[in-house]
Amino acid sequence: MWCSRMALPRLQRIAVAPLNAAGGLTSKVQREMSTLPRVYVTRQIPPEGLKILKDSGQVQFELWDSDDPVPRKELLQKVKGVDGLLCVLTEKIDAELLDAAGPNLKVLSTMSVGFDHLSLEELKKRGIRVGYTPDVLTDAVAELTVALLLTTSRRLIEATHEAKTGGWGTWRTLWLCGHELANSTVGIFGLGRIGVAIAERLAPFKVKKFIYTDMAPRPELASAINAEFVSFDELAKQSDFLAVCCALTPETKEICNKNLFSKMKNTSIFINTSRGGVVNQEDLYEALSTGQIAGAGLDVTVPEPLPTSHPLFTLKNCVILPHIASASYTTRNAMSSLAANNLLLGLRGQPMIKELKL
C-alpha cells in the first residue's frame with residue numbers, strides 16, 4: 001500500500017502541462033457541447049486543472065464553484081447521468097452516490113493521494129476507473145512534516161503565546177526547553193516516498209539513526225537514507241521522534257494507540273501527517289496529558305475539522321494543524337492538473353498518468 005518513490009520533477013512536468021490530444025481534438029472542440037461527455041467537478045480546484053479541462057474541448061463540465069464542500073443532497077443530484085467525476089477527499093464516493101450517478105459514470109478522478117473516501121469495491125464492481133494524485137505532493141508534505149516536528153519539539157506555539165501574553169519575563173534556566181534532533185533516533189512508520197523525503201530533510205540536523213517499520217522490509221528505499229528495519233514494538237521503544245507516514249487501511253486503523261504510546265519514551269515526540277484514522281485520539285490524549293510522551297504534532301484528525309471543544313486542544317504539548325501538508329501553490333496546482341489529465345485520459349479510454357489498480 002505504501003508506494004515507492006518516483007521521479008518527481010518529470011511527473012510534475014507531466015501533471016502541470018495540458019495534454020496534447022491525438023488527432024481529432026479540433027473536430028471535438030467544434031462539436032455541439034451537448035454531444036461531449038458530461039463531467040461534474042465537486043470543488044473549486046486550483047486554476048491549472050480547470051484550464052486543462054476548459055482548453056481540452058473534450059468535455060462539458062459543471063463546477064461546484066466554492067471552497068466549501070458541496071452539500072450531499074446537491075451532489076447526489078448533480079452526478080446524475082455524468083460520464084466523469086472529479087472530486088476531492090471530502091466527498092464520500094459510496095454505493096449511494098454511484099447509484100445516483102447511474103451507468104454512464106466510467107471515470108472518477110480524485111485530487112488526493114489518499115483514497116479512503118472511495119468505496120473501492122463498489123467502483124471495481126461497476127467497472128469505474130479511478131485516477132489519483134500521488135508523488136506530486138511528496139516535497140510539500142515532507143517540508144510540512146519537518147516544520148511540524150520542529151514546532152512541536154521546540155515548543156514554538158507555547159513560546160509565541162508567552163511572548164504575546166506577557167509571560168516573557170526574566171531568563172530562566174529550563175523555561176520552554178524542548179528536545180533536539182542532534183544525536184537522536186528518528187522512527188518512520190510507513191517508509192514510502194514521503195518517509196524517505198522526510199528523512200533526507202532531517203539528516204542534516206545530525207540525526208544519529210533512522211529506523212522504520214513497514215508491512216515488509218524495503219531495502220531499496222531504506223538504503224537511500226541508511227535506515228534500519230525494526231519491529232513495531234522496537235520502533236516505539238527506540239524512537240525519539242516518530243513520524244507516521246502510512247496509508248489508512250483496515251490494518252492501520254487506530255494502530256497508534258495505547259499499546260504504542262505506552263512503549264515510547266517520555267521524551268518522545270509523535271508526528272502524524274498521514275491520516276487521522278491511524279491514531280486512537282483518546283489514547284493519544286491520555287499519553288500526552290499524563291506525560292507518557294513529551295508531545296505530538298498532528299496535521300490530520302478524526303473528524304476534520306476537529307471540534308474546538310476537543311480535549312486535545314486543551315494541551316500545550318499538542319500542536320494541531322488543519323490538514324495543510326500539501327498546501328503550497330505549486331503542489332496544489334500540480335495535483336489539480338494531474339487530476340484533470342487523469343480524467344481526460346480515462347474518458348478517452350487511454351492509460352491514466354496515475355491510476356489505481358482495482
Only pairs under 3.5 Å count here: list side-chain donor-acceptor contacts from residues 182-192, not counting sequence neighbours, and write none if there are none.
unit_1: S184; atom_1: OG; unit_2: L181; atom_2: O; d: 2.6

side-chain hydrogen bond (donor to acceptor under 3.5 Å, both in side chains) pairs touching residues 281-305, sequence neighbours excluded, are E304-H323

According to side-chain hydrogen bond (donor to acceptor under 3.5 Å, both in side chains), does anything in residues 256-265 pair up with another residue at least two apart or in another chain? List the pairs. D240-K265, N259-K263

What's the spacing between [X] [atom1] and [Y] [atom2] if we round to 0.5 Å?
X    : Y    : atom1 : atom2 : value
S336 : L86  : OG    : CG    : 8.5 Å
Q350 : I353 : CD    : CD1   : 10.5 Å
I269 : M264 : CD1   : CE    : 8.0 Å

Could you list the residues that satisfy side chain to side chain contact (heavy atoms under 4.5 Å, CB included) with [X], not counting sequence neighbours?
X    : answer
E74  : W64, V70, P71, K78
E143 : R201
D99  : R126

Establish whether F115 and L358 are linked, either directly or via other cluster members, by ILVMFWY side-chain heavy-atom contacts under 4.5 Å. yes

Cluster overlap L306 with L89, hydrophobic side-chain contacts below 4.5 Å: no

Taking only residues two or more places apart in sequence or in another chain, which ones pass side chain to side chain donor-acceptor pair (under 3.5 Å) with [X]?
X    : answer
R155 : E158
N266 : none
N317 : none

Give me each pair satisfying ring pair (Phe, Tyr, Trp, His ring centres under 6.0 Å) with a member in residues 154-181, each pair once, sequence neighbours excluded. none

Using a strict cut-off of less than 4.0 Å between a Lys/Arg side-chain nitrogen and an Asp/Glu carboxylate oxygen, indicate whether E122 and K125 qualify as a salt bridge. yes

For the student: nearest non-hydrogen atoms of N333 and P46, plus distance: OD1-CB, 3.4 Å

What pair of heavy atoms forms the shortest contact from G277 to L248, and how long is it?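 Result for this residue pair: C-CD1, 3.7 Å.
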
Are any of the side-chain heavy atoms of [X] and [Y] separated by less than 4.5 Å?
X    : Y    : value
L288 : I293 : yes
Y132 : M352 : no
F270 : L260 : yes

Using residues 100-114 as the side-chain source, report each donor-acceptor pair under 3.5 Å to any protein atom, sequence neighbours left out, with the distance given to one decimal.
unit_1: N104; atom_1: ND2; unit_2: G81; atom_2: O; d: 3.3
unit_1: K106; atom_1: NZ; unit_2: P103; atom_2: O; d: 3.4
unit_1: S109; atom_1: OG; unit_2: A339; atom_2: O; d: 2.7
unit_1: T110; atom_1: OG1; unit_2: S112; atom_2: OG; d: 2.8
unit_1: T110; atom_1: OG1; unit_2: H117; atom_2: NE2; d: 2.9
unit_1: S112; atom_1: OG; unit_2: G114; atom_2: O; d: 2.7

Steps toward side chain to side chain contact (heavy atoms under 4.5 Å, CB included) verdict (L284, N272): CA-CA 11 Å; L284 177 60; N272 183 21; over 6 Å; no

Below 3.5 Å, can you tabulate the donor-acceptor pairs from side chains in residues 225-237 to any protein atom, sequence neighbours excluded?
unit_1: S231; atom_1: OG; unit_2: E234; atom_2: N; d: 3.1
unit_1: E234; atom_1: OE1; unit_2: Q238; atom_2: NE2; d: 2.9

Worked check of side chain to side chain contact (heavy atoms under 4.5 Å, CB included) between R72 and K92: CA-CA 9 Å; R72 181 72 174 183; K92 186 175 179 60; 4.0 Å; yes

Any side-chain to backbone donor/acceptor pair from R43 onto D67? Under 3.5 Å, distance only.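 Yes.
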
Tell me yes or no: between the side chains of R275 and T252, is some donor less than 3.5 Å from an acceptor?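 No, T252 and R275 have no side-chain donor paired with an acceptor closer than 3.5 Å.
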
